[in-house]
J.: 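Supplied in structure tokens, the structure appears directly below.
Atoms within each ligand, like the ligands themselves, are counted from 1 in listed order.
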Amino acid sequence: MTYQYWHPDIETMPRPELEALQLKKLRDMITYSLRTPFYAPKLHAAGIKGPEDLKTLDDLKRIPFTTKHDLRDGFPYGFLSIPKEEVIRLHASSGTTGTPTTIYFNREDLRRWTSYVARCIYGTGCNNTDVFQNMITYGLFTGGLGFHAGGEEVGMLVIPSGSGNTTRQFRLMQDFGTTVVHATPSFLLHVESIMRAEGVSRDSLRLKRAFAGAEPYSEDTRRRIEGLLGIDVFNSYGLSEMNGPGVAFECQCKNGLHLWEDGYIAEIINPDTLEPVREGETGELVLTILCREATPILRYRTRDLTGFYTEPCACGRSHRRIRRITGRSDDMLIINGVNVFPSQIEEVIMAMKEVGNNYLIEIEKDGVLDRLTVKTEVGPETFMDDSRLLNALKERIRKTLQASITINPRVELHESGSLPVSEGKAKRVYDKRPKDV
Ligand code: ADP
Ligand code: ZN
């Protein structure tokens, strides 16, 4: 295979040079951080009065971690490092776990962000002959404008379709010969279900690729989308605190996501001890942005769980790859004392071909115990009136889940296309237990 690089020198830069570049950019970030109300006192307390106080990359560890809580406390301008007159855009996180946080860009910041997204897109094999339909929420959410600008930078024809309205999405795909889409994995599964329900044939579309991200999904879900739509699906990882998309992305090898180390310094820590994990082990990803002057964020605890691949990638890029994010440390559910990640449930059910494209997880209190119910759609070939078959399927799902998560769930089967679909990130977990206060 021939691999295409958007920034060949940077993407294949030997690691010693890459690390020297990181140190240089980190020092610039320190200069900007010292201009923010939040970091100035923290850096002074750590004995860092100027960029020259960072002699090696290891000196980064003298700086305390930044948490989501800090970002909220710093709302609205605690992390702003430049005069407001130089700010030309703001974005905010989607607020999955509480109050959104805000980030600011100057003109150069936006230019740099765009070039990271373009690098990701181009690395999957796209070019200016592609027609790109960006089926994701525009607005404060970074996925819309971030991919939009990156797609234009590559020279693709960009259709800013936004999320939702599946029927209109098909029309656009057919009218303009869309070859690439960007969406959440849950929306891509939904698209396939609707395609079947509305009788839209795969041959009437020219789709070749999809970028799927913004929420965790399993390798089985990827394979399912690829098989159903006959396309290649590339995993896209980003978070608004670190600009949004363009942080880490799969290359054509589709085996881990290259984290752009000229733009970010990545650490992986044990979320309990806060010590670095051993190379290759899973832990919480901590990121320092090197490419945004207006809102520097140092050692940000993402709460996303992943680990580095230890061997280099066949594509020749020198930037390390992270594994598919399985969830956030705060996604973990404790059900009758057992730790369960929603991704474990997804992995089991998406591997079963009789199971349809959507599912929900519900937890309730039943006396003193917690009760877990997994509601899944059945595939379109399964008839809802064949009760013997349905009972057998239910039992098989229950047993397989129990073997994987050690909890005995209730399983409910629902007709294909009947469970609710969100336009943005999927909401799959409904924890109805009373909260301790
Ligand atoms: P919020 O934190 O409010 O959801 P963002 O819109 O910035 O705000 O979402 C970023 C988060 O989305 C990441 O921290 C991560 O948890 C999740 N995410 C983004 N891309 C992926 C992906 N490819 N795989 C798994 N999770 C992802
Ligand atoms: Zn690669």
J.: Cation over ring, Lys84 on Tyr77, under 6.0 Å and within 45°?
T.: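 Yes, Lys84 sits over the ring of Tyr77.
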J.: Under the 6.0 Å and 45° cation-pi test, does Arg72 pair with Phe75?
T.: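 Output no; distance or angle outside limits.
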J.: ring-ring contact (aromatic ring centres under 6.0 Å, His included) for Phe79 and Tyr39? Distances and angles first, verdict last.
T.: CA-CA 8 Å; Phe79 287 79; Tyr39 284 118; 5.4 Å; yes
J.: Minimum distance, heavy atoms only, to atom 12 (O) of ligand 1: which one of Glu241, Glu215, Lys425, Glu250 is it?
T.: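 Considering heavy atoms of Glu241, Glu215, Lys425, Glu250, the nearest to atom 12 (O) of ligand 1 sits in Lys425.
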J.: How does Ser240 reach ligand 1, by side chain, by backbone, by both or by neither, if only non-hydrogen atoms under 4.0 Å count?
T.: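 Near ligand 1, Ser240 shows its backbone as well as its side chain.
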J.: Contact between Arg303 and ligand 1, counting heavy atoms under 4.0 Å?
T.: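 False for this residue.
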J.: Numbering the atoms of ligand 1 from 1, which are under 4.0 Å from a heavy atom of Gly213?
T.: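 Once the distances to Gly213 are compared, the set is 23 (N).
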J.: So if I apply the salt bridge (charged side-chain N to carboxylate O under 4.0 Å, His left out) rule between Asp370 and each of Lys432, Arg433, Arg410, which one comes out positive?
T.: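 Only one option passes, and that is Arg433.
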J.: CZ of Arg15: more than 12 outside heavy atoms within 6.0 angstrom?
T.: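 Counting neighbours around CZ of Arg15, more than 12 heavy atoms of other residues, nucleotides or ligands fall under 6.0 Å, so yes.
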J.: Is it the side chain (CB and beyond), the backbone, both or neither of Leu239 that lies under 4.0 Å from ligand 1, heavy atoms counted?
T.: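 It is both parts that get close, each with some atom under 4.0 Å.
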J.: Which one of Ala214, Gly244, Pro216 has a non-hydrogen atom at the shortest distance from atom 25 (C) of ligand 1?
T.: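 Comparing heavy atoms across Ala214, Gly244, Pro216, the nearest one to atom 25 (C) of ligand 1 lies in Pro216.
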J.: Using a 4.0 Å heavy-atom cut-off, say whether Asn235 meets ligand 1 through its side chain, its backbone, both or neither.
T.: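 Under 4.0 Å from ligand 1, Asn235 contributes side-chain atoms alone.
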J.: Do any of the N/O/S atoms of Cys251, backbone or side chain, fall under 2.8 Å from the Zn ion (ligand 2)?
T.: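 Yes, Cys251 qualifies, because one of its backbone or side-chain N, O or S atoms lies under 2.8 Å.
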J.: Show the atoms of ligand 1 that are less than 4.0 angstrom away from any heavy atom in Ser236.
T.: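 Ligand 1 atoms under the 4.0 Å threshold to Ser236: 20 (N), 21 (C), 22 (C), 23 (N).
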J.: For atom 19 (C) of ligand 1, which of Ala248, Gly424, Gly238 has the closest heavy atom?
T.: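 Minimum heavy-atom distance to atom 19 (C) of ligand 1 goes to Gly238.
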J.: Suppose I only count heavy atoms of Phe141 and a 4.0 Å limit; which atoms of ligand 1 are within that range?
T.: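 Atoms satisfying the 4.0 Å criterion: 6 (O).
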J.: Phe211 and Thr124: side-chain contact (heavy atoms from CB on, under 4.5 Å), yes or no, with the steps?
T.: CA-CA 9 Å; Phe211 311 131; Thr124 66; 3.5 Å; yes
J.: Can you give the angle His258 NE2 - the Zn ion (ligand 2) - Cys315 SG, rounded to 10°?
T.: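 Result: 100°, to 10°.
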J.: Only one of Lys208, Lys254, Arg209 passes side-chain hydrogen bond (donor to acceptor under 3.5 Å, both in side chains) with Asp232; say which it is.
T.: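 Output: one option passes, namely Lys254.
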J.: Which label fits Phe132 and Phe147: parallel for a plane angle under 30°, tilted from 30 to 60°, or perpendicular past 60°?
T.: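 Tilted: the ring planes of Phe132 and Phe147 meet at 30° to 60°.
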J.: Between Ala212 and ligand 1, does any nitrogen or oxygen pair lie at a separation below 3.5 Å?
T.: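 N/O-N/O distance under 3.5 Å: no.
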J.: At less than 4.0 angstrom from any non-hydrogen atom of Lys68, what atoms of ligand 1 do you find?
T.: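 Per the distance check, 2 (O).
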J.: Judged by modelled atom types alone, do Glu346 and Tyr359 share a side-chain donor-acceptor pair under 3.5 Å?
T.: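 There is such a pair between these side chains.
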J.: In this structure, does ligand 1 have an atom that sits under 4.0 Å from one of the heavy atoms of Arg324?
T.: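 No, Arg324 has no heavy atoms under 4.0 Å from ligand 1.
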J.: Using the ring-ring contact (aromatic ring centres under 6.0 Å, His included) rule, take Tyr116 and Phe249 through it: C-alpha gap first, then chi angles, then the decisive distance, then the call.
T.: CA-CA 10 Å; Tyr116 282 99; Phe249 217 84; over 10 Å; no
J.: Taking heavy atoms and a distance under 4.0 Å, where does Met242 meet ligand 1: side chain, backbone, both or neither?
T.: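 None of Met242 does.
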J.: Tell me whether the rings of His258 and Trp260 are parallel (<30°), tilted (30 to 60°) or perpendicular (>60°).
T.: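 Judged by the thresholds at 30° and 60°, the geometry between His258 and Trp260 is parallel.
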J.: Could you say whether the N/O atoms of Thr302 and ligand 1 ever approach to under 3.5 Å?
T.: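 Min N/O separation from ligand 1 is not below 3.5 Å for Thr302.
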